[in-house]
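Scroll down for the structure; my scribbles are underneath it.
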Amino acid sequence: MAFIRLDKKAYEHNLKLIASKAGGFDKIICVLKDNAYGHGVLQIAPLAKELGIKFIALKNEDEAQSLKDLFANILILSHIPNGCENEDFIYALNSKENLHKYKKNTKLHIALDTGMHRNGVFLEDLPLVFAEAKKLGLRILGLFTHFANSDEIDSSFFVQRQKFKKAKELASSLSDLKLCFHSHNSSALFRCLKLDEDELCRVGLVQFGYSDFEASLKRVLSLYANKLSSRILRKNESLGYGLSFTAKKDMSIATYDLGYADGLFRYSGKGKLLLANKACLLGRMSMDSFSCEDFGEELCVFDDARIWAKFFNTIEYEILVKLNANIKRILC
Ligand SMILES: *Cc1c(COP(=O)(O)O)cnc(C)c1O
């Protein structure tokens, strides 16, 4: 049966590197949304806890419920307020229009729109948001922002940082509490020299070993398939749906038990899509299988999602996060 191998030592290595960059494990918010970027949150979350992580960020309450016993602080990024919020969790305030919809006593971190224009309130709205929250009995514990372009070197990153700096000062003057500030995602953390003293970082992908700014990270996930069957494909015989591959000479081929239903992008048979051993897939991918040369019972499909990301003209995030949660995860 196909499986995912998760390298525990690689994860530890990456988290230690993040901690050294951020200034300690208590300066890290681990983003473990969407099944820990497809890696398997049931396996990854206990590792993060073991290493001393106390703060994580997730997508929604369902994800948070399953991890609430492991972490003292859970920030929920994409919750739609409904008046039934859980006092154990912290919710991102993505829109000031929604303030009155939260249950009294709900803990909030304000998302600040510093230029990405995806979510959040504007700097000039902060006085109103703090005043309204006070009236409604909501607890504002933090302020954060997200960079639109931290993975490319351009000026918008610096413009957004400058705005956030101003917002931190304003928010501090509006609150009786010592607020929690965070802005740096993976690429922002690794492109900056040092994290601001008063900030945590909020990192996802870099935990799993991918960054354009840091070569010493180790990739955590590798995907393996097992052989379903094998045969000799004779010269001029064709293979798979559409018979799109035709053998130029007799060859020993095998079919392996992973396909697009497992969350892989569907390979159409065109172009060279490489496996981890640099061999190519042959013919179109099926729903539950693909074919290639016979490499024995077990085959590493990829241990570097960038190869598939490049081929499919997407980013490694998408290749990883789509991996079906039903694929068995093995931690070693
Ligand atoms: C997903 C997400 C992150 C993590 O981003 P990475 O690039 O994976 O580090 C941080 N903040 C917010 C708001 C996010 O949605």
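Counting convention: from 1, in listed order, for ligands and their atoms alike. FYI, side chains are in, hydrogens and waters are out, and symmetry mates aren't considered; it's all heavy atoms of this structure. Just so you know, these numbers come straight off a predicted model, no measurement behind them.
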Within the 4.0 Å heavy-atom cut-off, what Lys59 brings close to ligand 1 is neither
Pairing donors with acceptors under 3.5 angstrom, does anything connect the side chains of Thr114 and Thr145? yes
Q. Does Lys165 come within less than 4.0 Å of Asp196, counting only side-chain N to carboxylate O?
A. no
closest protein heavy atom to atom 11 (N) of ligand 1 is Arg202 NE, 2.8 Å
Taking only non-hydrogen atoms of Arg118 and a 4.0 Å limit, the atoms of ligand 1 in range are 13 (C), 15 (O)
Min over His182, His146, His184 of heavy-atom distance to atom 13 (C) of ligand 1 lands on His146
Ligand 1 atoms nearer than 4.0 angstrom to some heavy atom of Tyr37 are 1 (C), 4 (C), 5 (O), 6 (P), 8 (O)
Leu205 heavy atoms within 4.0 Å reach ligand 1 at atoms 6 (P), 8 (O), 9 (O)
Can an N or O of Ser187 be found at a distance shorter than 3.5 Å from an N or O of ligand 1? no
Closest to atom 9 (O) of ligand 1 among protein heavy atoms sits Ser186 OG, 2.6 Å
Pairing of Asp250 and Lys235 as salt bridge, 4.0 angstrom limit: no
message: Is it the case that the ring center of His184 lies less than 6.0 angstrom away from the ring center of Phe147?
response: yes
* **Aromatic centroids of Tyr267 and Phe311 separated by under 6.0 Å** => yes
Leu243 meets the side chain to side chain contact (heavy atoms under 4.5 Å, CB included) criterion, sequence neighbours left out, with Ser238
Ranked by distance from atom 14 (C) of ligand 1, the top protein heavy atom is Lys33 NZ, 3.0 Å
#### Entry: Residues Glu132, Lys96: salt bridge by 4.0 Å N-O rule
no
| said: Would you call the rings of Tyr102 and His79 parallel, tilted or perpendicular, taking 30° and 60° as the class edges? | reply: tilted
If we number the atoms of ligand 1 from 1 as shown, the ones under 4.0 Å from a heavy atom of Tyr317 are 6 (P), 7 (O), 8 (O)
*Before signing off on this row, confirm whether Val203 and ligand 1 have an N or O atom pair separated by under 3.5 Å.*
no
Going by distance alone, is a donor N or O of one side chain under 3.5 Å from an acceptor N or O of the other, for Gln65 and Lys68? yes
In ligand 1, the atoms that come under 4.0 Å of a heavy atom of Gly204 are 4 (C), 6 (P), 8 (O), 9 (O)
Evaluate Phe144 for polar contact with ligand 1, using N/O atom pairs at a separation under 3.5 Å.
no
